[in-house]
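Please read these numbers as outputs of a predicted model, since none were measured by experiment. We name chains A, B, ... by the order of the sequence lines, and we start the count at 1 in each one.
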Amino acid sequence: MSPADHDQGKWAWVFAPRTPNEKRYWLVKSEPDVFSFDDLRAAPKQTTQWDGVRNYAARNFLRDGMKKGDRVFYYHSSSNPQAIVGIGEVAREAYPDPTATDRKHAGFDAKSDPNNPIWFAVDIKAVAPLKRPVTLTEIKANKTLADMALVRIGRLSVTPVTPKEWETIVAMSER
DNA sequence: GCCAACGTTGGC
DNA sequence: GCCAACGTTGGC
């Protein structure tokens, strides 16, 4: 798929050309029992390889949308409560997901040819925890956030966030 | 190309 | 633990 394939459709803005120095925003999900925001902060260089994405829509956001320096909300799923708990940044843009071509790895996908990979990873680095977590309940209760991809397409592990949504949630975390 | 069966995610 | 909302697979 080439970037031109993203020109149409609902998410075209996510892939559209950027103005100089434009930063975009994303949300990534992790189960805290598996890898929490604190785990990320404790990792070497506070950075981890964000691999294991096996959904094409999420893959496209990750591979074609995310650029180095973009900010990401770090969301804890399947936890109590489900909430955005921290901010990270894209430390390295998309590269072939090594877990997809590793026969011994649970994420192995026989369809992914190492010479023509299907699945991609980025590196995510911790920036700072939110002053307080912003819960999914609060997000759903806020009309400004009704169109947020997190709410609309809940099961995706990588979703875009608009600047307005970003601002709104950061403000919520500060009061 | 249609669609039923199945698998996965993740909120509840 | 249940189930809604998908995406994927494979028979036809």
**OP:** Determine whether the side chains of A:Q49 and A:Y95 contain a donor N or O and an acceptor N or O closer than 3.5 Å.
**Re:** yes
Original post:
Is any side-chain nitrogen or oxygen of A:Y75 closer than 4.0 Å to OP1 or OP2 of B:dG11?
Top reply: yes
Original post:
For the pair made of CZ in A:R54 and C1' in B:dT8, what is the distance, rounded to whole Å?
Top reply: 14 Å
Subject >> Whole-Å gap separating C1' (B:dT8) and CG (A:N55) >> reply: 10 Å
Original post:
Rounded to the Å, how far apart are A:R152 CZ and B:dG10 P?
Top reply: 18 Å
Subject >> A:E165 and A:Y25, any side-chain heavy atoms less than 4.5 Å apart >> reply: no
Original post:
Do A:V158 and A:V122 have side chains that get closer than 4.5 Å, going by heavy atoms?
Top reply: no
Subject >> For atom CH2 of A:W119 and atom C1' of C:dG7, their distance in whole Å >> reply: 10 Å
**OP:** Examine the side chains of A:D38 and A:S36 and answer whether a donor and an acceptor come within less than 3.5 Å of each other.
**Re:** no
Subject >> Whole angstrom value for the distance that separates P of C:dT8 from CD1 of A:I118 >> reply: 11 Å
**OP:** Would you kindly give the CG-to-C1' distance between A:L27 and B:dG10, to the nearest whole Å?
**Re:** 13 Å
Subject >> Between B:dC12 (C1') and A:I139 (CD1): distance, integer Å >> reply: 16 Å
Original post:
Atom CD of A:E138 to atom P of B:dG11: distance rounded to whole Å?
Top reply: 15 Å
**OP:** Verify the contact: side-chain N or O of A:R155 to OP1 or OP2 of B:dG11, cut-off strictly under 4.0 Å; return yes or no.
**Re:** no
**OP:** Pick base, sugar-phosphate or nothing for A:E31, based on heavy-atom distances below 4.0 Å to the nucleic acid.
**Re:** nothing
**OP:** Answer with base, sugar-phosphate or nothing: what part of the nucleic acid does A:L136 contact at a heavy-atom distance below 4.0 Å?
**Re:** sugar-phosphate
